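What follows is a single structure, written as C-alpha cells, with notes after it.
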Amino acid sequence: MTADKRLTPREQDFAAWYNEVVLRAELADYSPVRGSMVIRPWGFGIWERMQAALDQMFKDTGHENAYFPLLIPQSFIEKEAEHIEGFKPELAVVTHAGGRDLEEPLVIRPTSETIIYSMYAKWVQSYRDLPILLNQWANVMRWELRTRLFLRTAEFLWQEGHTAHATADEAQEETLRILGVYRDFMEQWVAMPVVTGLKTDSERFAGAVRTYSLEALMQDNRALQAGTSHFLGQNFSRQFDLKFQSVEGREEYAWNTSWGVSTRMVGGLVMTHGDDDGIVVPPRLAPTQVVVVPIVKGGDARAEAIHRKAEELRAILADQGVRAKVDRRSHLSPGAKFYEWERKGVPFRMELGPRDLDKEQVVLVRRIPLEDGRKKEFLSQPHAVATLPDRLESLQRDLFRRATVRREENSYRGVSEWDEMTEILETRGGFVYTGWSGDPTVEERAKDEMKATIRAIPSEEFRSTPAPTTCIGGGRASKMEVVWARAY
RNA sequence: CGGGACGUAGCGCAGUCCGGUAGCGCACCUGAAUGGGGUUCAGGGGGUCGCGGGUUCAAAUCCCGCCGUCCCGACCA
C-alpha cells in the first residue's frame, strides 16, 4: 500500500482531509466555473435521500411544493432595506439578454422571498386565502469570495419554504414547527445532533424579525449552521403589499416565515461521521446500504455459482427494502473494492467467496465497529439477510449516539471568564456556553480576538442549570445564556 | 481587493537557474497469470508545456503583457 492511496489524516490537516474525501468518495468535483461544483452520482444520491425525507415531512405538516423563477427583477430585491443590505455584495446580475441590454437588470436569486411574496400579494384577498404554505426545491446563487465544496459554493441546491399567515402567533408557531421538523430530520436521518436556538441581531437573516437556527459541531470542533427558520413579521408583506381582509373586515398585512436547508448538509454529514478511511453514510441516507463483493478465482468452476448466490442474496435484501448491490467488476481485486466502498461510506459489506459458498455463510463487515470492537462477522446466509434491516437501524442509532457523545465531550458549560473562553476556542474549539448581557460589543470583541461568534441563544432544553449569572464580557449581569464557537 | 505561491498527459510532479528530440509515478488500454485488504508481468495510447507577443538558427526554458488557480486577510447558508 502506498501512501498516496490513503487520505490525509483528520488529525494532521482537517481541511485537506475534507477536500480529499469529498473528491475521492466521488461526492463532488470542481467545475470549470469558479466556486461552482459538480455533484456526482454518489453525492447526489445522498442529497436525493435527504430531499425525499424532508419533502415527506413538509407534506406531512401541510405544505405543498411549487416553483418560482430563477430571475428576480433587481427592484424587488431592493425593496426591503435590510434584505438588500445583506445580499447586495453577493448578487450575480443579468444585464444583457437576447443581444441587448435589459431595461431592468435581473438578479439570479440568492433566496426567493421577494418574488414569492410579490406573487402571494396577487393571490391573497381574504383571511380565507390564508395560510399559504409553500416550499420550493431550487438552486440559488451567492457570489461568495471564498468557496468550499458543499459548505460554501457560489451556486447551491436547497429547499426554501415560504408561508403567509393571518396572525403573528400563527407565523411564529410555523417558524418553530419547522425548526422541529429540521431537528428531527437532522437527528433521525443525518444522525447529526444539533443545538437549536435563536440568532442574535448580528447573525439574523437580512430582513427577518427573528432567525432560529440549528447548529452542529463538526469533528474539528467548529460549528456548522445546518438550517435556519425565520419569522419575518410583516417586513416583506408591507413592501410587497401582501394584504388581506380580516374576519372583522379590516385590511391587514400578512405575517411571513421562511426556512431552508441546503446541500451544505452533505458537508455536515461528511464532517460529522467521516474517518481517516473515508466518509460514513448513515444507512437511511445511503444510496447503497449493502455492497455484496463476490470473491471468485479465474479458473474456479464455482465462479458462476458464487455470482448466482450473490445475486440471490441481493434480491432477497431488495425484497426487504434494503438497497443492496453486487460489485461484479472483474478488473479489481477484492481488496481494492473494499477500500473503495469504505471510502464511499457504504454501511455494510457482504463478502461471498468459495469458502462461504461451501459453508453457506457470508462475511459481513460493518463500516464502523460494533460496541465490542468487532467489524467482521461470519454469519449463515439466511441469518445475515434476515437481520440486515435491524443492523442498518442499529448502525444509524450508533452514529447518532457517537456524534452526540463527541459533541457533549466538546461542549463547555458554566464558562464565566473571558480568558477561559479564549483558551478553549483558540486551542481545542467546541461549544462554549456563557452568560451574555445582550451587548453587541461583546460579540464584536470575540470575533476580533478569537474569530468566534454566538451561534445561538439556545432553546430551553439546551440551557445549563444553574443558569449563568454574569456576562462573559465582564462585570454586568447575564440576561441570557449563549453558545459560542468558531463557525464554518 | 491587498500579501504569498503556482500553472508541463486525467491526477501528483521533475525538467526552467545554464535554450538544443518533453520525462517520471499513479491512473487508463491490450494480453496473460492472479483474486479472502489497494495483484503481478509484458506490451501500449495520451501533452497547442495557461494565453498572446518578442529575442534566437532553435524557447517549457530568456524578455514583456495578459489570464487563471490555490493559500493567508477583509465578506458569507
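Only a predicted model underlies this, so the values are computations on that prediction, with no experimental measurement involved. Note on naming: letters A, B, ... go to the chains in the order of the sequence lines (proteins, then strands), and numbering restarts at 1 for each one.
Checked against ring-ring contact (aromatic ring centres under 6.0 Å, His included), F156(A) has the following partners two or more places apart in sequence or in another chain: W158(A). Residues meeting the ring-ring contact (aromatic ring centres under 6.0 Å, His included) test with F14(A), sequence neighbours left out: W17(A). Applying the ring-ring contact (aromatic ring centres under 6.0 Å, His included) test to Y117(A) and every residue at least two apart in sequence or in another chain returns Y120(A), H162(A), F236(A).
Comparing A22(B) with G50(B), their P atoms are spaced 15 Å from each other, to the whole Å. As rounded to the nearest Å, G46(B) and C29(B) have C1' atoms that lie 10 Å from one another. Taking the P atoms as reference points, G2(B) lies 42 Å from C24(B), given to the whole Å. Comparing the same atom, P, in A42(B) and in C26(B) gives a spacing of 12 Å after rounding to whole Å. The same atom, P, is picked in G37(B) and in U30(B); the two are 26 Å apart, to the nearest Å.
Screening residues 208-231 of chain A for ring pair (Phe, Tyr, Trp, His ring centres under 6.0 Å) gives F205(A)-H230(A) as the qualifying pairs, with residues at least two apart or on separate chains.
In this structure, a donor-acceptor pair under 3.5 Å is absent between the side chains of T257(A) and T175(A). Side-chain contact annotation: Q225(A) with S213(A), donor-acceptor N/O pair under 3.5 Å absent. R148(A) and N19(A) form no side-chain donor-acceptor contact under 3.5 Å, judged by distance and modelled atom types alone.
Base-pair partner of G19(B): not found among the strands shown (Watson-Crick or G-U wobble, both distances under 3.5 Å). Remark: C1(B) base-pairs with G73(B). Criterion, Watson-Crick or G-U wobble with two distances under 3.5 Å. Pairing partner, A59(B): none, since no Watson-Crick or wobble contact has both distances short of 3.5 Å. The base-pairing partner of C24(B), taking Watson-Crick or G-U wobble contacts with both distances under 3.5 Å, is G12(B). Nucleotide G45(B): unpaired (no Watson-Crick or G-U wobble partner with both distances less than 3.5 Å). Of all nucleotides present, only G50(B) satisfies the Watson-Crick or G-U wobble test against C66(B), with each distance under 3.5 Å. Pair assignment for G38(B) gives none, since no Watson-Crick or G-U wobble pairing has each distance under 3.5 Å.
Residue E342(A) places its side chain closer to G37(B) than to any other of G36(B), G37(B), C75(B). Minimum atom distance to the side chain of D356(A) is reached by G36(B), of the listed G36(B), A77(B), G37(B). Comparing atom distances between the Y339(A) side chain and each of G38(B), A77(B), G35(B) picks out G38(B) as nearest. Checking A77(B), G37(B), G36(B) against every side-chain atom of K376(A), the shortest atom distance belongs to G37(B). For T153(A), taking side-chain heavy atoms from C-beta onward, the closest of the listed nucleotides G37(B), G36(B), A77(B) is A77(B). Side-chain proximity of P334(A) to the nucleotides G35(B), C76(B), G38(B) is greatest for G35(B).
A cation-pi contact links R349(A) to F338(A), judged by a cut-off of 6.0 Å to the six-membered ring centre and 45° from its axis.
What separates NZ of K447(A) from C1' of C76(B) is a distance of 9 Å, to the nearest Å. As rounded to whole Å, 18 Å separates atom P of G36(B) from atom CH2 of W341(A). If you take CE of M350(A) and C1' of G36(B), they are 16 Å apart, rounded to a whole angstrom. In this structure, F338(A) places its CZ atom 7 Å from P of G36(B), rounding to the nearest Å.
Heavy atoms of E20(A) sit nowhere under 4.0 angstrom from any nucleic acid atom. Among the protein residues, V296(A) comes within range of the nucleic acid bases, having at least one heavy atom under 4.0 Å from a base atom. Residue-level contact check: L151(A) touches the bases, meaning some heavy atom is under 4.0 Å from a base atom. If you check every strand for non-hydrogen atoms under 4.0 Å, Q225(A) touches sugar and phosphate atoms only. Among the atoms of the strands shown, none is found under 4.0 Å from any heavy atom of R329(A). Within 4.0 Å of R148(A), counting heavy atoms only, lies no atom of the nucleic acid at all. Residue contacts for V293(A): at a heavy-atom cut-off of 4.0 Å it reaches no nucleic acid atom on any strand shown. Residue P110(A) is classed as having no contact, given no heavy-atom separation below 4.0 Å to the nucleic acid.
For K451(A) and G73(B), the shortest distance from a side-chain N or O to OP1 or OP2 is below 4.0 Å. The phosphate of G35(B) has neither OP1 nor OP2 within less than 4.0 Å of any side-chain N or O from S333(A).
Using modelled atom types, no side-chain atom of E144(A) and backbone atom of T147(A) make a donor-acceptor pair closer than 3.5 Å. D277(A) places no side-chain N or O within donor-acceptor distance of the main-chain N or O of E342(A), the cut-off being under 3.5 Å. Under the 3.5 Å distance criterion, the side-chain polar atoms of K344(A) are left unmatched by any main-chain donor or acceptor of W42(A).
Comparing Y30(A) and E90(A) by the nucleotide of RNA chain B that holds the closest heavy atom to each, the one mapping nearer the 5' end is Y30(A). Position along RNA chain B of the nearest nucleotide to S330(A) versus A336(A) favours S330(A) as the more 5'-ward residue.
Residues I132(A) and T163(A) have side chains not in contact (no heavy-atom distance under 4.5 Å, counting atoms from C-beta outward).
F156(A) qualifies as a stacking partner of the A77(B) base, centre to centre under 5.5 Å and near-parallel within 30°.
Within residues 179-213 of chain A, no residue has any heavy atom under 4.0 Å from RNA chain B.
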So which protein nitrogen or oxygen atoms get under 3.5 Å of nucleotides 41-47 of chain B's nitrogens or oxygens?
none

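The nearest pair of heavy atoms linking L151(A) to R264(A) is O-NE, 3.1 Å.
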